[in-house]
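Owing to the predicted nature of the structure, the values given are computational and were not obtained by experimental measurement. Each ligand, and each atom within it, is numbered from 1 in the order the structure gives. All residue numbers in this chain count up from 1 along the given sequence.
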Amino acid sequence: MTINKHILLGVSGGIAAYKSAELVRLLRKQGAEVRVVITKSAMEFVSPLTFQALSGNPVHSELLDADAENAMGHISLARWADLLLIAPATANLIAKLSHGLADDLLSTLYLAATCPVYIAPAMNQAMWNKAVTQENMQKLGTHGVKVIGPEQGDQACGETGFGRMSEPVDICNYLDHALELQNQPTAQCLQGLRVLISAGPTREPLDPVRYITNRSSGKMGYALANAAIKAGAEVTLISGPVTLAAPANIELVKVETAAQMYAAVMSRASDHAIYIGAAAVADYSPAIMQPEKIKKQEEQTTIILQKTKDILSEVAKLDKRPFSVGFAAETHDLEAYARDKLARKRLDMIAANWVGRELGGFDSEQNALQVFWENGEKTLAMADKKQLAERLITLIAERLHEKNLGEQARG
Ligand code: C5P
């Protein structure tokens, strides 16, 4: 493991600050150059001298200090950093960062930093679970801040729950993996992983010549299959009827109905690391397929429709489930519906887009996506579906990686 970077370590005032001393030692051992910025309340827990001795650099704490600004002011510090790591990040600091407050050196540096920012929260479990803290965390997630931990366990205050700062060695491992992923070209981020993708519409037959279908072109699913191959994955594509050419080096399984898609996906899902449900599966199918062409008779007629099985939900329920990604096409209340689907279908991630607006959606060349996961979200701005698919694949690789790291840390 090597972390050959300039790391600016922010230490805010929680009891976990004592672990940050060990963190400095470990980061330096991995080859990082470390400079420490400490808040006033953190100084109550650990002396700046400890960090100075361990980092081999002066410790920074004052925003308005002429001498310090002459030596290395806040803007130079922000420029110097390849990475800003804040460990521990207290509830108060998280609240300040999420609102853009800058009333001390650390919060000002956060605003001035253009490098990637990682935070390792640490606080009492009730403070962590408080709605406002979770809202602040979500906000930071949308601003691109990466979160390490917190972990579950006994706390210094005598309570048990989520809120313990991750161990220094786990933080180092996390950074090492994250930097490795960042340095890899997109071409590598799914190297060696099997990815199952469903794409296109389904056709639900009424009789031998008629069927119910939808406007899905399959473009997004096919673009995802191409992007996943480019990212080094082995891809299986379960496709409804479309007019697109499939990439050459994939396993292509052609299906027509929702029931066929269900069978094709379910028999393969557990052998894959990722499942992306990009198909527009019919929600209802005619209860009876008439064996002969239905004759034109009455002024009005009725077709009885039967609900189809929800493929994505069933995949996410499997014991050996892949990282499950769904799509949500909505005409209103995008976030509320997408988050509801994320929770209800127990997904790892959901990519939502508007339909029925002028740009984007079903049959278009372009689209924009709002992607949600448990503690975060990201907007993938309007782009052609090829670019958008590549961005979504990168995001999926990042989230899968973070999920795996989290599971490893929890044992
Ligand atoms: O609930 P809704 O149909 O809006 O959810 C959309 C997501 O669920 C898509 O990812 C779609 O592929 C998936 N889906 C499914 N099986 C169904 C219906 C939707 O896998 N029967």
Do Thr302 and Gln300 have a side chain donor and acceptor closer than 3.5 Å?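 No, because no side-chain N or O of Thr302 sits under 3.5 Å from a partner of the opposite role on Gln300.
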Does at least one non-hydrogen atom of Lys309 fall below 4.0 angstrom from an atom of ligand 1?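 Checking ligand 1 against Lys309, which is what was asked, there is a heavy-atom contact under 4.0 Å.
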Measuring from non-hydrogen atoms of Ala258 to any atom of ligand 1, is the shortest distance under 4.0 Å?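 Outside the 4.0 Å threshold, so no.
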Part of Leu312 within contact of ligand 1 (heavy atoms, under 4.0 Å):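 Answer for Leu312: both.
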Classify the contact between Lys345 and ligand 1 as side chain, backbone, both or neither, using a heavy-atom distance cut-off of under 4.0 Å.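 For Lys345, only side-chain atoms sit under 4.0 Å from ligand 1.
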Salt-bridged, [X] to [Y], with N to O below 4.0 Å?
{"X": "Asp310", "Y": "Lys317", "value": "no"}
{"X": "Lys96", "Y": "Asp104", "value": "yes"}
{"X": "Lys309", "Y": "Glu314", "value": "no"}
{"X": "Glu374", "Y": "Arg339", "value": "no"}
{"X": "Lys403", "Y": "Asp348", "value": "yes"}
{"X": "Arg28", "Y": "Glu33", "value": "no"}

For [X], take its heavy atoms, then give the atoms of ligand 1 lying under 4.0 Å from any of them.
{"X": "Asp283", "answer": "3 (O), 18 (C)"}
{"X": "Thr308", "answer": "21 (N)"}
{"X": "Ala279", "answer": "11 (C), 12 (O)"}
{"X": "Gly326", "answer": "10 (O)"}

Taking atom 10 (O) of ligand 1 as the point of reference, which of Gly277, Ala352, Ser216 owns the nearest heavy atom?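 Comparing heavy atoms across Gly277, Ala352, Ser216, the nearest one to atom 10 (O) of ligand 1 lies in Gly277.
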Is there a nitrogen or oxygen of Lys341 sitting under 3.5 Å from a nitrogen or oxygen of ligand 1?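 Yes, at least one N or O pair falls under 3.5 Å.
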Taking N or O atoms only and a 3.5 Å limit, does Ile311 qualify as a polar contact for ligand 1?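 Ile311 vs ligand 1: N/O contact under 3.5 Å present.
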Looking at Thr213 and Thr202, would you say the former's side chain and the latter's main chain have a donor-acceptor pair under 3.5 Å?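 Side chain of Thr213 to backbone of Thr202: a pair is present.
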Tell me: protein heavy atom nearest atom 6 (C) of ligand 1, and distance?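 Sorting protein heavy atoms by distance from atom 6 (C) of ligand 1 puts Phe327 O, 3.0 Å first.
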